[in-house]
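Please read the structure below before turning to the comments.
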Amino acid sequence: MPRHTPDDPDRKLLAESGRALLAWYDRNRRELPWRGTKDAWAILVSEVMLQQTTVVAARPYWERFMARWPTPHDLARAERDELLAEWAGLGYYRRAHLLMDTALAVAESHDGALPRTSEKLRELRGVGDYTAAAVASIAHDEPVAAVDGNVERVVSRWRAIGGDPKKSVAKKAIRAAADAWLSQTRPGDHNQAVMELGATICKPRSPDCPRCPLAPSCRARAAGEPQRYPETPPRAKPTPVTKVGILARRPDGRVLLERRSESPNAGFLELPQRVVETTAMPPTAAQISDACNEVASAAGLALTPGVTLTAHKHSITRYRITVWPIETAASTRRRPVAPFAWCRIDDVDQPLTTASKRILTKNAPSLFAS
DNA sequence: AATGCGGGGTC
DNA sequence: GACCCAGCATT
């Protein structure tokens with residue numbers, strides 16, 4: 001028993017809104033390098049990069065990446081460290097590892113090509129529902145809705161869908177609405193259009209409704225408060241974390257770095273640092289001394305803490321991290337034990353975390369002289 | 001300076 | 001479903 005007939009008002013509304021959306025997209029879409037291709041690998045790489053950064057930041061990384069590794073096979077043949085070094089500065093480095101895993105899996109798979117369906121793409125490491133749908137719809141016109149944060153916002157407003165989109169009830173309702181709405185003729189463009197609308201017009205705090213192609217049929221707008229959707233529960237306050245960072249330099253311009261073997265920042269070089277349980281800002285001399293001794297013993301060096309430098313703050317998801325860099329004198333005769341090493345930081349092949357790079361740039365600019 | 005956001009993995 | 005990942009744009 002078909003519930004929809006050709007002149008069902010619902011169906012008509014969806015079709016009209018879809019046309020308005022695509023017409024808007026055709027006039028207003030940003031020209032981006034990965035929008036000129038139907039190559040699934042190029043699109044996958046762009047999607048993975050865009051998961052964690054803005055278009056502006058990701059763009060040069062994507063250009064370099066594609067020039068260097070134009071197919072999954074090219075990446076599969078590369079050293080993991082080369083990828084990490086190329087990814088340095090983009091953040092959320094775990095995704096680089098997952099992309100490497102995917103390249104290796106694809107290179108070893110039957111035909112050595114990326115799967116063509118969203119269902120199969122979904123099985124790759126680092127590829128979830130959103131990314132699988134985005135790649136399949138954009139590269140192969142598979143009619144599957146790609147629902148990211150932008151789409152959640154646009155759809156929940158347009159249809160006035162209440163509830164927390166992170167929870168399954170609202171999530172399902174939003175997905176159902178997005179699926180029903182999806183253009184069957186241009187699914188890839190439709191998906192990109194909704195995301196583009198969310199990024200440029202239907203923004204989280206200040207939606208620009210007068211310029212929105214969906215305004216005539218938008219229920220949240222009709223209700224007068226588009227910002228009320230989607231419903232977002234208050235977040236927990238970030239946990240403060242205090243660290244002591246050991247800044248030890250040699251006269252030859254090398255600096256003591258520690259290579260992380262575990263998450264977070266697995267495979268990356270960092271200033272040796274240790275968490276301190278403290279309320280003192282800066283930490284007390286005893287706490288600094290403890291952290292220093294810990295690093296000294298792990299590295300097999302003698303370290304003597306000196307001046308406490310200006311704190312560096314950065315935050316991630318639910319931690320607010322304060323690092324106190326300590327100018328430290330080191331015994332330079334002995335070779336440090338792995339994973340510690342005296343490193344040149346103007347050596348571009350070394351993957352250095354953004355936080356450590358900033359601390360070093362601020363406190364030891366001469367190390368970047370080259 | 002404080003706030004808000006983001007997709008995927010894992011258990 | 002809760003928590004982790006190890007930043008950045010917006011306000």
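Given the structure is predicted, the values throughout are model-derived calculations rather than measurements. A, B, ... follow the sequence lines: proteins, then strands. Residue 1 opens every chain.
The NZ-C1' distance, from A:Lys313 to C:dC8, rounds to 17 Å in whole Å. Between A:Lys166 atom NZ and B:dC5 atom P there is a gap of 9 Å when expressed in whole angstrom units. Here the C1' atom of nucleotide B:dA1 and the CZ atom of A:Arg320 are 10 Å apart, to the nearest Å. Between A:Arg153 atom CZ and C:dT10 atom P the separation is 12 Å, expressed in whole Å. Atom pair A:Arg94:CZ and C:dC3:P shows a separation of 17 Å (rounding to whole Å applied). Per the geometry, CD1 belonging to A:Ile359 stands 16 Å off P belonging to C:dA6, to the nearest Å. Distance NZ (A:Lys243) to P (C:dA6): 11 Å, rounded to an integer number of Å. For A:Ile316 and B:dT3, the CD1 to C1' distance is 14 Å, given to the nearest whole Å.
Near-neighbour residues of DNA chain B inside residues 137-150 of chain A, defined by a heavy atom below 4.0 Å, number-ordered: A:Asp148, A:Gly149. Remark: A:Ser263, A:Pro264, A:Asn265 in residues 263-270 of chain A come within less than 4.0 Å of DNA chain C through at least one heavy atom. Shown for residues 196-213 of chain A: residues whose heavy atoms fall under 4.0 angstrom of DNA chain B, namely A:Arg205.
Among the heavy atoms of the strands lying under 4.0 Å from A:Thr131 are primed sugar atoms or P, OP1, OP2 only; no base atom is included. If you check every strand for non-hydrogen atoms under 4.0 Å, A:Arg260 touches nothing. A:Tyr130 comes within contact range of the sugar-phosphate backbone alone, with a heavy-atom separation under 4.0 Å but no base atom that close. Counting any heavy atom pair closer than 4.0 Å across all strands shown, A:Val127 reaches sugar-phosphate atoms only and no base atom. If you check every strand for non-hydrogen atoms under 4.0 Å, A:Leu124 touches sugar and phosphate atoms only. Among the atoms of the strands shown, only primed sugar atoms or phosphate atoms (P, OP1, OP2) are found under 4.0 Å from some heavy atom of A:Arg358.
Where A:Leu98 and A:Tyr92 meet DNA chain B, the nucleotide closest to each residue was compared, and A:Tyr92 sits on the side nearer the 5' end.
For the ring-ring contact (aromatic ring centres under 6.0 Å, His included) test, no residue two or more places apart in sequence or in another chain qualifies with A:Phe340. A:Trp342 pairs by the ring-ring contact (aromatic ring centres under 6.0 Å, His included) definition with nothing, not counting sequence neighbours. With sequence neighbours excluded, no residue forms a side-chain hydrogen bond (donor to acceptor under 3.5 Å, both in side chains) with A:Arg159.
Residues in residues 258-267 of chain A take part in these side chain to side chain donor-acceptor pair (under 3.5 Å) pairs, two or more places apart or across chains: A:Asp81-A:Arg259, A:Glu258-A:Arg274, A:Asn265-A:Glu270. Contacts classified as side chain to side chain donor-acceptor pair (under 3.5 Å) and involving residues 188-213 of chain A (residues at least two apart or in different chains) are given here: A:Arg30-A:Glu196, A:Arg35-A:Gln192, A:Arg35-A:Glu196, A:Ser137-A:Asn191, A:Arg186-A:Asp189, A:Asp208-A:Arg211. Among residues at least two apart or in separate chains, ring pair (Phe, Tyr, Trp, His ring centres under 6.0 Å) pairs with a member in residues 127-168 of chain A are A:Trp158-A:Trp181. A ring pair (Phe, Tyr, Trp, His ring centres under 6.0 Å) check over residues 202-244 of chain A, counting only residues at least two apart or in different chains, returns nothing.
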Cut-off 3.5 Å, no hydrogens considered: what does the side-chain donor-acceptor table look like for residues 99-108 of chain A, sequence neighbours left out?
residue: A:Asp101; atom: OD1; partner: A:Arg80; partner atom: NH2; Å: 2.8
residue: A:Asp101; atom: OD2; partner: A:Arg125; partner atom: NE; Å: 3.4
residue: A:Asp101; atom: OD2; partner: A:Arg125; partner atom: NH2; Å: 3.4
residue: A:Thr102; atom: OG1; partner: A:Arg125; partner atom: N; Å: 3.3
residue: A:Thr102; atom: OG1; partner: A:Arg125; partner atom: O; Å: 2.8

Identify all side-chain donor-acceptor contacts of residues 309-316 of chain A below 3.5 Å with residues at least two apart in sequence or on another chain.
none

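A distance of 10.5 Å separates OH in A:Tyr93 from CH2 in A:Trp87, rounded to the nearest 0.5 Å.
Closest to the A:Ile321 side chain, of the nucleotides C:dA6, C:dA2, C:dG7, is C:dA6.
Between A:Glu327 and A:Asn363 there is no side-chain heavy-atom pair separated by less than 4.5 Å.
Figure legend: A:Arg94 and A:Tyr92 shown without cation-pi pairing, the cationic atom not lying both under 6.0 angstrom from the six-membered ring centre and within 45 degrees of its axis.
Using P as the reference atom, C:dA6 and B:dG4 are 24 Å apart when rounded to the nearest Å.
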